[in-house]
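Just below is one structure, and these are the notes that go with it.
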Amino acid sequence: MDRLIFHIDVNSAFLSWESVRRIDQGLPDLRDIPACIGGDPKKRTGIVVAKSIPAKKYGIQTGEPMAMALRKCPELVIVQSDFDLYVKCSRAFKEICASYTPIMESFSIDEVFLDMTGMSLLYPDPIAAAHEIKDRIHRELGFTVNVGVSTNKLLAKMASDFEKPDKVHTLFPDEIETKMWPLPIRNLLFLGKASEKKLNEIGIHTIGDLARAKETDIQALLGSKNGHQLHQYALGNDDSSVKEQADEAKGFSAETTFNEDIISLEQVFPILLEQCDIVATRMRRQQKKCLSVAVTFRTLDFKKKSHQATFQNATDVTDEIYKQAKKLFREFWKGEPLRLIGVALTNLSDDEYEQLSLFENTENKERHRKLDAALDTIRQKYGNDKITRASIMNSNSGIARKARAQMQNELETKRGRQAKKGTDDNGNI
DNA sequence: TTACATTTGTGAT
DNA sequence: CTAACGATCACAAATGTAA
């Protein structure tokens, strides 16, 4: 039996969400003027993350450097992104979507798939149902969405990408030839720049060209797995299910680009500590431990390098992760100027049971574990993030003072005697 | 040879 | 004239290494 799948995509999500807030504050609607969400408007760095339709008319594209966008349109309004706002908007959006079917998949912060198969008693006309969802989101939340309607996820997603904004489109199997095959291959999901170039070289330019090509030829070019999948996609085939349960995280990473090039280890270590702290905290919140730690750096020519090492036993202790990251950095960085550094934790496992190692300093480990726990408690109390080891140590803001006092408290009550430890050479307590 | 780890490349939002 | 430039996640393939 045929399925019925919707894909719902918020139009220019970050920009729309900023607009809704600004309207509440009596500010002009960013959607009506050339505007974009992107890097720091004062520094004039960063890239375009979302753009208004007027901005698009100037040829501004998502992902392009802000400097280029400003050249195309000097009066472009640039707004910094505010992820906390987006998370709230996303929740409200998904809550409405979820009220139409129990089977919803969150595909990203601003996209969902709905499996509407078997909802025909409640919603006998799929197109009418799609309009109802779209209009209700607009009415209640103030921003527009596109809805794609078809019999599988791929076709629904392709359909929602047709004309924007505020539209419902169908792409049923009998419409593939007219609506999808004339499109350039780049429009196909998971077909990016590199595969486009290779396919163009053998004369494949449209999705129809790809559909009619021999699968073995495509596999020879793009690899057996990807080649097979992209060929199937071009034919409109996709039997993957709408997954209600988000997959568990398989890794955590943090990376930062700097205005100033990094040229000394003294610059590297505080950043690395901050990043290790952030990713380890996120990992503990998901009750995971990692077996592998990787450091990443990007040189001035934009080439990325990464190096990883694996522990004997999985850990979630910030200090152990930081020590490993420092070691990797010292070992592999030859001193070339860097514009980005990052840390990634992979090879995750559940944290529930403890792997004991004979040679570990268990008392020391217990100290670090308690410190992590104390910090995590504080972060919880003050609304998560922002509070890191470095910030608590260095800042003199009211919140940092409170956090420091709190931390002392937590530590003392937990171990029943006072800690008179100062700050060691790593910036740890 | 196989198994596993590591590194690089591609693609998504 | 060109190149310019974010963060985070997943996965496949290529490459390296040990049993």
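Proteins get letters first, then strands, A, B, ... in listed order; numbering begins at 1 in each. Being a predicted model, the structure only gives us computed values, none of them experimental.
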salt_bridge(Asp301(A), Arg298(A)) N-O dist < 4.0 Å: no
Within 45° cone and under 6.0 Å: Lys305(A) NZ/CZ vs Phe297(A) ring: no
Residue closer to the 5' end of DNA chain B, Leu291(A) versus Lys304(A) (nearest nucleotide): Leu291(A)
Span that lies between the P atom of dC5(C) and that of dT13(B), in whole angstrom: 24 Å
Sugar-phosphate, base or nothing in reach of Glu111(A), heavy atoms under 4.0 Å: sugar-phosphate
Closest nucleotide among dA7(C), dA4(C), dT8(C) to the Thr257(A) side chain: dA7(C)
Given DNA chain C, 5'-ward residue of the pair Phe252(A) and Asp301(A), judged by closest heavy atom: Asp301(A)
Note, Phe83(A) side chain near Ile109(A) side chain (heavy atom, < 4.5 Å): yes
Thr256(A) vs dG6(C): side-chain N/O to OP1/OP2 distance below 4.0 Å: no
Per Arg339(A) side chain, nearest of listed nucleotides dA12(B), dG6(C), dC9(C): dG6(C)
Short side-chain N/O contact from Lys250(A) to OP1 or OP2 of dA10(C), under 4.0 Å: no
Integer-rounded Å distance: dT8(C) C1' and Asp110(A) CG: 15 Å
Any Ser224(A) side-chain nitrogen or oxygen under 4.0 Å from OP1 or OP2 of dA13(C): yes
Test side-chain contact (heavy atoms from CB on, under 4.5 Å) applied to Phe143(A) and Leu15(A), Asp110(A), Ile137(A), Asn11(A), the passing residue: Ile137(A)
Distance in angstrom units between Phe302(A) CZ and dT8(B) P, rounded: 18 Å
Exceeds 12 heavy-atom contacts within 6.0 angstrom, atom NZ of Lys56(A): no
Closest nucleotide among dA12(C), dT8(C), dA3(C) to the Arg71(A) side chain: dA3(C)
From dA5(B), dT8(C), dA12(B), nucleotide with atom closest to Glu255(A) side chain: dT8(C)
Phosphate contact (dT7(B) OP1 or OP2) by His307(A) side-chain N/O below 4.0 Å: yes
Protein-nucleotide distance (Asn347(A), atom CG; dA10(C), atom C1'), rounded to Å: 14 Å
Selected nucleotide, minimal atom distance to Phe190(A) side chain, candidates dC9(C), dG11(B), dA7(C): dG11(B)
Sugar-phosphate, base or nothing in reach of Ala344(A), heavy atoms under 4.0 Å: nothing
Sub-4.0 Å heavy-atom contacts from residues 193-202 of chain A onto DNA chain B, ordered by number: Lys193(A), Ala194(A), Ser195(A)
Position toward the 5' end of DNA chain C (nearest nucleotide), Lys225(A) or Gly63(A): Gly63(A)
Touch class at under 4.0 angstrom, heavy-atom based, for Leu189(A) against every strand present: sugar-phosphate
Touch class at under 4.0 angstrom, heavy-atom based, for Ala13(A) against every strand present: nothing
Residue pair Arg91(A) / Tyr86(A), side-chain heavy-atom distance below 4.5 Å: no
Aromatic ring proximity, centroids under 6.0 angstrom, Phe113(A) and Phe6(A): no
Separation of atom CD in Gln308(A) from atom P in dT15(C), rounded to whole Å: 17 Å
Nearest-nucleotide pick for Arg282(A), side chain only, options being dT8(C), dT8(B), dA5(B): dT8(C)
More than 12 heavy atoms of other groups within 6.0 Å of Glu331(A) CD: yes
Gap between atoms CG and C1', on Leu188(A) and dA12(B) respectively (whole Å): 13 Å
Any Ser108(A) side-chain nitrogen or oxygen under 4.0 Å from OP1 or OP2 of dA12(B): no
N/O (side chain, Lys157(A)) to phosphate O (OP1/OP2, dT13(B)) under 4.0 Å: yes
Presence of Ser253(A) side-chain N/O under 4.0 Å of dC9(C) phosphate oxygens OP1/OP2: yes
Length of the CG-C1' vector between Leu191(A) and dA12(B), whole Å: 13 Å
Whole angstrom value for the distance that separates P of dA10(C) from CG of Leu348(A): 8 Å
Leu199(A) vs Leu230(A) side-chain heavy atoms within contact, under 4.5 Å: no
Between dA13(C) (P) and Leu221(A) (CG): distance, integer Å: 13 Å
